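Because the structure is a prediction, the values reported are computed rather than measured.
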Amino acid sequence: MLKVANLEAVYNRVARVLNGVSLEVQDGETVALLGPNGAGKSTLLRAITGLMKLHDGEITKGRVLLGDLDLRARPAEAIVRCGVVQVMEGRRIFADLSVEDNLLAGAHCRRDNVSSALADVFAQFPRLGERRKQLAGYLSGGEQQMLAISRAMLAQPKLLLLDEPSLGLSPIMTQDVARLIRQIQASGTSILLVEQNAALALSLASRGYVLESGKIVLDGNSRILIEDPDFKEFYLGQGSGEQRNFRDVKHYRRRRRWLS
């Protein structure tokens, strides 16, 4: 499915954010991409979906392949037609359009019965159906996230990129989003999931990668990552109780341990 190999990316031709990133997502697989703020997770998604130029960035090295297709050579709209669709951080719905028009925007590439697809969405999320003619900006945060993901699915993606889908949501709405992601998994769609909630991400994914300072510093099966003592300490908050100072954290002593 997706293969990213030795990817490097910069902003404004000087600020290197990705430094040799490699990862893979197989057909029907969900992969978690974890890491602290500023690690380069959103930049990696932009590089995959052809959005670097919109942010004064560019890929300077490496490859992004969807099967045999080289996505680096394609504009963003062509990448969507290839089957790669992203739900951005912060949902990014069209607040001044109705719920229904937001969904139709996601269905612009379809050639089948869009009305039937909309009916399926409204059956799955009755609240969206009830408010189909209302402005999307008046939905709650959780409802907006459901709308954003449903809009992406109407584009019939082979690979769905989710950037912080639980951000700002209540625990109850977070579980609703998790259930929706599991439904998408069951449909056979591949997912690359960027998520600060590491426990949630690994409960949904079969494998995970940890990105820090533009490099992959740890990867493996989700069950193995959950049992890794360093991962537990810094991403699951399950330290041994040993007193640690800020200097150790600031200089990423754990990263040196992982790379040793």
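- One distance of note links NZ of Lys53 with CG of Leu51; it measures 11.5 Å at 0.5 Å rounding.
- Taking every heavy atom of both residues into account, Ser222 and Arg207 meet most closely at OG-N, 3.4 Å.
- Side-chain contact annotation: Asn37 with Gln196, donor-acceptor N/O pair under 3.5 Å present.
- For Leu54, the CG atom counts as densely surrounded, since its 6.0 Å shell holds more than 12 non-hydrogen atoms of other residues, nucleotides or ligands.
- In the hydrophobic clustering of ILVMFWY residues, with side-chain heavy atoms under 4.5 Å counting as a link, Leu159 and Leu204 come out apart.
- In summary, the side chains of Glu29 and Ser206 do present a donor paired with an acceptor at a separation below 3.5 Å, with no hydrogens or angles considered.
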**Chi angles and distances behind the side-chain contact (heavy atoms from CB on, under 4.5 Å) call for Ile93, Arg151** = CA-CA 9 Å; Ile93 61 166; Arg151 180 180 63 186; 4.3 Å; yes
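- Annotation: side chain of Val210 is not in contact with side chain of Ile216 (no heavy-atom distance under 4.5 Å).
- Across all non-hydrogen atoms, the minimal contact from Pro36 to Lys41 is O-NZ, 3.0 Å.
- Side-chain contact, Gln26 with Glu24: a donor N or O sits under 3.5 Å from an acceptor N or O.
- No chain of hydrophobic side-chain contacts below 4.5 Å, direct or via other Ile, Leu, Val, Met, Phe, Trp or Tyr residues, connects Val25 to Leu160.
- Applying the salt bridge (charged side-chain N to carboxylate O under 4.0 Å, His left out) criterion to Glu130, with sequence neighbours excluded, gives Arg127.
- The side chain to side chain donor-acceptor pair (under 3.5 Å) analysis of residues 61-72, with sequence neighbours excluded, yields no pairs.
- Rounding to the nearest 0.5 Å gives a distance of 11.0 Å between CD of Gln134 and CG of Leu128.
- Ile191 CD1 to Leu161 CG: the interatomic distance, rounded to the nearest 0.5 Å, is 10.0 Å.
- Between Ile48 and the options Leu192, Ile59, Leu66, a side-chain contact (heavy atoms from CB on, under 4.5 Å) holds for only Leu192.
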**Prompt:** Does the side-chain contact (heavy atoms from CB on, under 4.5 Å) test come out yes or no for Val84 and Val80, once each step is laid out?
**Reply:** CA-CA 5 Å; Val84 180; Val80 171; over 6 Å; no
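- Counting only heavy atoms from C-beta outward, the side chains of Leu147 and Leu139 approach each other to under 4.5 Å.
- No single ILVMFWY cluster, assembled from side-chain heavy atoms under 4.5 Å apart, contains both Ile184 and Leu33.
- To the nearest 0.5 Å, atom CG of residue Leu180 and atom CE of residue Met153 are 8.0 Å apart.
- Looking at Leu202, Asn197, Leu218 one by one, the single match for side-chain contact (heavy atoms from CB on, under 4.5 Å) with Leu34 turns out to be Leu202.
- In terms of heavy atoms, Ala198 sits closest to Phe231 at CB-CZ, 4.0 Å.
- Considering all non-hydrogen atoms of both residues, Asp101 and Ser98 come closest at N-OG, 3.0 Å.
- Pro157 and Val85 get closest at one heavy-atom pair: CB-CG2, 3.7 Å.
- For residues 75-88, the set of pairs meeting the salt bridge (Lys or Arg N to Asp or Glu O under 4.0 Å) definition, not counting sequence neighbours, is empty.
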**Request:** With side-chain contact (heavy atoms from CB on, under 4.5 Å) as the test, would you mind laying out the steps for Leu154 and Val121 before giving the verdict?
**Result:** CA-CA 9 Å; Leu154 280 173; Val121 171; 4.3 Å; yes
Please tabulate, one pair per line, all N/O donor-acceptor pairs under 3.5 Å involving side-chain atoms of residues 1-17, not counting sequence neighbours.
residue : atom : partner : partner atom : Å
Tyr11   : OH   : Thr43   : OG1          : 2.6
Tyr11   : OH   : Arg46   : NH1          : 2.8

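- Every residue two or more places apart in sequence or in another chain that forms a salt bridge (charged side-chain N to carboxylate O under 4.0 Å, His left out) with Asp176 is listed here: Arg179.
- Rounded to the nearest 0.5 Å, atoms CG (Leu193) and CD (Gln185) are 9.0 Å apart.
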**Request:** Determine, stepwise, if the pair Phe122 / Leu103 fulfils side-chain contact (heavy atoms from CB on, under 4.5 Å).
**Result:** CA-CA 10 Å; Phe122 294 140; Leu103 293 171; 3.6 Å; yes
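- With no hydrogens or angles considered, a side-chain donor-acceptor pair links Asp163 and Ser42 at under 3.5 Å.
- Between Lys133 and Glu100 there is a salt bridge, since at least one side-chain N of the basic residue sits less than 4.0 Å from a carboxylate O of the acidic one.
- For Glu89, the salt bridge (charged side-chain N to carboxylate O under 4.0 Å, His left out) test picks out no residue, with sequence neighbours left out.
- Taking hydrophobic clusters as Ile, Leu, Val, Met, Phe, Trp and Tyr residues chained together by side-chain heavy-atom distances below 4.5 Å, Phe94 does not share a cluster with Val99.
- In this structure, OG1 on Thr30 lies 8.5 Å from CG on Leu162, to the nearest 0.5 angstrom.
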**Request:** Output, in order, the C-alpha distance, side-chain angles, deciding distance and verdict of side-chain hydrogen bond (donor to acceptor under 3.5 Å, both in side chains) for Thr49 and Gln86.
**Result:** CA-CA 7 Å; Thr49 53; Gln86 180 178 355; 3.1 Å; yes
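- The shortest heavy-atom contact between Leu23 and Leu44 is CD2-CD2, 3.5 Å.
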